[in-house]
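Have a look at the structure below before the remarks.
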Amino acid sequence: MEAVLAVVDTIPAGRVLSYGDIAVLLEDGGPRQVGAVLSRWSRDNPWWRVVRASGLPPQGYAREALVHYLAEGTPLRGTPAGDGHDWRVDLKACRWVPDDAAFELLDALRDTLHAAKMSVPADGIES
DNA sequence: AGGATGACATTAC
DNA sequence: GGTAATGCCATCC
């Protein structure tokens with residue numbers, strides 16, 4: 001959750017990440033959860049930097065995202081004419097690759113998630 | 001606690 | 001490369 005927001009916030013401008021990528025990076029398992037979390041907690045987060053595996057922005061918010069993309073200078077494909085749904089983010093060119101520092105951040109995030117999930121009692125990890 | 005929904009992904013046709 | 005069907009985990013009612 002928060003980790004997702006943290007990762008999204010970590011994504012540099014002009015760069016995008018797919019829901020699945022974030023899910024994998026955080027090891028949280030579900031791409032839908034990333035979207036679900038964003039839908040509820042994303043208010044001051046660069047949610048537009050999170051796109052689908054198709055390179056298409058959130059459905060229903062494509063226009064809003066397009067504005068941000070133009071502002072960020074994100075490489076787009078096709079032609080964003082007018083409302084334009086014929087366009088698409090150049091995922092191949094904008095796919096953000098976590099740096100070493102980002103990797104450490106992701107590691108910390110995963111640790112946080114792990115700690116949060118550790119609230120499970122009656123665990124047979126001890127003898 | 002149970003059922004339905006969701007800003008998605010992946011496989012199959 | 002498209003559309004259709006199924007699975008995912010969490011949140012909402």
C:dG2 OP1/OP2 closer than 4.0 Å to side-chain N/O of A:R88: yes
Within 6.0 angstrom of A:R95 CZ, more than 12 heavy atoms from elsewhere: no
A:D107 atom CG: more than 12 heavy-atom contacts under 6.0 Å: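 More than 12 within 6.0 Å, yes.
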Nucleotide [N], atom [atom2] - distance to [atom1] of [X] in whole Å:
| X | N | atom1 | atom2 | answer |
| --- | --- | --- | --- | --- |
| A:L38 | C:dC9 | CG | C1' | 14 Å |
| A:W41 | C:dC9 | CH2 | C1' | 13 Å |
| A:Q33 | C:dT11 | CD | P | 8 Å |
| A:L56 | C:dG2 | CG | C1' | 13 Å |
| A:R40 | C:dC9 | CZ | C1' | 13 Å |
| A:E27 | C:dC8 | CD | C1' | 15 Å |

Could you list, one pair per line, each protein nitrogen or oxygen that sits under 3.5 Å from a nitrogen or oxygen of nucleotides 9-13 of chain B, together with the distance?
from	atom 1	to	atom 2	distance (Å)
B:dA9	OP1	A:A53	N	2.7
B:dA9	OP2	A:A53	N	3.1

Kindly say whether [Y] contributes a backbone atom to a donor-acceptor pair with the side chain of [X] at under 3.5 angstrom?
| X | Y | result |
| --- | --- | --- |
| A:R49 | A:I11 | yes |
| A:Y19 | A:G30 | no |
| A:T112 | A:A108 | yes |

Linked, directly or transitively: A:V50 and A:V24 (ILVMFWY side chains, under 4.5 Å):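 Cluster IDs for A:V50 and A:V24 differ.
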